[in-house]
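Just the heavy atoms: all of them, side chains too, but no hydrogens, waters or symmetry mates, feed the values below. Counting begins at 1 with the first residue of the sequence.
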Amino acid sequence: MRSPAGSTPVVGVLACTSLSATGTTYSHVNRTVVRQLARHADVAAVLIPATEPDNAGAILSVLDGLVLPGGPSFLHPASFDTATPIHPDRAYDPARDAVASALLAAAAHLPDLPVLGSCRGMQEIAVHSGGLLCETDPTGSHRRLPDENDDRWGPAHPVTLTPGGHLANLLDQPPNAEFLVNSQHSQIVDRLPASVHIEAVAPDGVIEAIAVDRPHRFVLGVQWHFEQHTARSPLDLALLAEFGRRCRIRHNGGPAR
């Protein structure tokens with residue numbers, strides 16, 4: 001049973017897994033994600049461990065929203081394209097892959113449940129929907145190096161919003177308005193099925209945001225990290241405010257609009 005109407009909505013944040021030196025497996029999330037969700041979406045967050053994918057439906061039934069954040073690992077190629085080579089120097093998290101897929105499958109049966117993904121989370125949404133990933137150009141702008149202030153989360157490149165999309169509708173801006181975003185990823189979304197809409201693109205054509213089953217659902221993924229320097233970004237502030245609004249609609253039992 002979800003918390004009473006009028007209280008703070010509760011969202012689940014999918015965790016990553018890590019293995020300690022003693023062989024113990026832990027689930028963890030970036031606390032900055034939780035902090036910015038509380039500040040700018042006005043929601044409380046609980047951790048969803050990357051284990052027991054069969055419980056995905058039961059977990060989502062008591063939540064008001066789902067967040068798939070970024071993480072230190074790559075999606076395992078087995079989850080989207082068996083022809084893609086496995087890189088021995090990369091960290092993979094197949095446990096999170098499995099739980100993310102199970103959560104997204106369960107969310108499809110809860111059309112009023114808002115889903116927000118960033119970086120790895122956007123890629124999980126894309127792959128679950130039938131999309132493919134490929135490598136970025138290592139000489140391009142999609143992995144920003146630290147500046148003189150040692151800030152790797154500063155603006156890396158602009159994105160152009162797609163007219164009529166969720167993101168474009170959040171802000172009173174002219175068509176094809178551009179916004180600066182951070183960038184820390186080595187893979188990009190390559191191909192998407194017709195059910196997935198492109199919400200934003202980078203100057204080099206890289207897909208930077210997607211939406212599934214628009215406008216009937218709010219399942220939105222962004223390739224950047226909305227939790228970094230959120231207060232400086234009108235786009236991220238509007239994104240989190242809208243996610244929180246939709247969480248409150250579900251929380252209070254109203255129809256999503």
Side-chain angles (χ1 to χ4, degrees), residues 2-16 27-48 59-71 100 103-104 106-107 110-125 153 159 161 165-173 179-182 184 199-200 208-257:
R2 301 210 303 275
S3 52
S7 57
T8 301
V10 178
V11 304
V13 181
L14 179 59
C16 298
S27 293
H28 58 90
V29 299
N30 182 342
R31 64 182 181 182
T32 304
V33 174
V34 175
R35 184 182 300 120
Q36 302 294 31
L37 286 168
R39 288 179 177 175
H40 301 297
D42 195 22
V43 296
V46 296
L47 180 151
I48 302 177
I59 291 169
L60 293 186
S61 70
V62 298
L63 294 175
D64 302 305
L66 172 64
V67 178
L68 305 174
L103 289 168
L104 289 166
L110 299 169
D112 65 333
L113 180 86
V115 179
L116 178 59
S118 73
C119 201
R120 190 191 207 277
M122 180 185 117
Q123 294 174 3
E124 287 167 337
I125 293 171
W153 297 111
V159 297
L161 306 187
H166 286 309
L167 291 175
N169 291 338
L170 294 180
L171 296 155
D172 185 18
Q173 296 288 330
F179 294 87
L180 288 171
V181 298
N182 57 61
Q184 288 292 335
E199 290 269 332
E208 287 286 330
I210 59 174
V212 178
D213 296 336
R214 191 182 74 200
H216 309 293
R217 300 171 63 205
F218 187 86
V219 180
L220 183 64
V222 299
Q223 189 59 74
W224 62 90
H225 287 253
F226 60 74
E227 76 277 8
Q228 298 293 340
H229 300 317
T230 306
R232 302 181 193 174
S233 169
L235 180 58
D236 290 336
L237 288 172
L239 171 61
L240 289 183
E242 177 64 9
F243 177 69
R245 184 185 76 85
R246 289 179 180 259
C247 290
R248 282 186 288 280
I249 290 173
R250 173 171 164 82
H251 179 72
N252 292 323
R257 289 196 291 267

Measure across [X] and [Y] and return the closest heavy-atom pair with its distance rounded to 0.1 Å.
X: Ala107; Y: Leu60; value: N-CD1, 3.6 Å
X: Ala238; Y: Leu171; value: CB-CD2, 3.9 Å
X: Cys119; Y: Gly70; value: CB-CA, 4.1 Å
X: Thr8; Y: Ala44; value: CG2-N, 3.6 Å
X: Ala200; Y: Val159; value: CB-CB, 4.3 Å

Applying the side-chain contact (heavy atoms from CB on, under 4.5 Å) criterion to [X], which one of [options] satisfies it?
X: Leu37; options: Thr32, Leu240, Thr230; result: Leu240
X: Val115; options: Leu220, Leu66, Val212; result: Leu66
X: Gln228; options: Asn30, Val181, Val33, Asp236; result: Asn30

Taking the side chain as every heavy atom from C-beta outward, state whether [X] and [Y] have any pair of such atoms under 4.5 Å apart.
X: Leu63; Y: Val11; answer: no
X: Val43; Y: Asp64; answer: no
X: Glu227; Y: Ser118; answer: yes

Exercise for the section: Please identify each residue that fulfils salt bridge (charged side-chain N to carboxylate O under 4.0 Å, His left out) with Glu124, with sequence neighbours left out. Expected result: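 Glu124 satisfies salt bridge (charged side-chain N to carboxylate O under 4.0 Å, His left out) with Arg96, Arg120 only.
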Practice task
Sequence neighbours left out, what passes side-chain hydrogen bond (donor to acceptor under 3.5 Å, both in side chains) with Asp213? Give chain and number order.
Solution key: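 Result, side-chain hydrogen bond (donor to acceptor under 3.5 Å, both in side chains) vs Asp213: Arg217.
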Completion exercise
side-chain hydrogen bond (donor to acceptor under 3.5 Å, both in side chains) filter on Ser27, not counting sequence neighbours, yields none
Practice task
Report yes or no: do His251 and Ser7 form a side-chain donor-acceptor pair below 3.5 Å?
Solution key: yes
Fill in the blank from the handout: With sequence neighbours left out, the residues meeting ring pair (Phe, Tyr, Trp, His ring centres under 6.0 Å) with His40 are none
Could you grab the distance from atom [atom1] of [X] to atom [atom2] of [Y], nearest 0.5 Å is fine?
X: Leu68; Y: Leu103; atom1: CG; atom2: CG; value: 7.0 Å
X: Arg246; Y: Leu116; atom1: CZ; atom2: CG; value: 11.5 Å
X: Phe179; Y: Leu167; atom1: CZ; atom2: CG; value: 9.0 Å
X: Arg245; Y: Phe218; atom1: CZ; atom2: CZ; value: 9.0 Å
X: Leu161; Y: His166; atom1: CG; atom2: NE2; value: 13.0 Å
X: Asp112; Y: His216; atom1: CG; atom2: NE2; value: 15.0 Å

Practice task
Evaluate the side chain to side chain contact (heavy atoms under 4.5 Å, CB included) criterion for residues Glu208 and Glu199: first the C-alpha distance (whole Å), next the side-chain angles of each, then the deciding distance (0.1 Å), finally the verdict.
Solution key: CA-CA 7 Å; Glu208 287 286 330; Glu199 290 269 332; over 6 Å; no
Problem - Residue pairs passing the ring pair (Phe, Tyr, Trp, His ring centres under 6.0 Å) test where at least one lies in residues 223-248, sequence neighbours excluded - result: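 Listed by first then second residue: Trp153-His225.
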Practice task
Tell me, please, which residues at least two apart from Val34 pass side-chain contact (heavy atoms from CB on, under 4.5 Å).
Solution key: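 Applying side-chain contact (heavy atoms from CB on, under 4.5 Å) to Val34 gives Val29, Ala45.
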Exercise for the section: Return yes when atom CZ of Arg35 has more than 12 non-hydrogen atoms of other residues, nucleotides or ligands closer than 6.0 Å, and no otherwise. Expected result: yes
Problem - Steps toward side chain to side chain contact (heavy atoms under 4.5 Å, CB included) verdict (Arg248, Asp42) - result: CA-CA 9 Å; Arg248 282 186 288 280; Asp42 195 22; 3.6 Å; yes
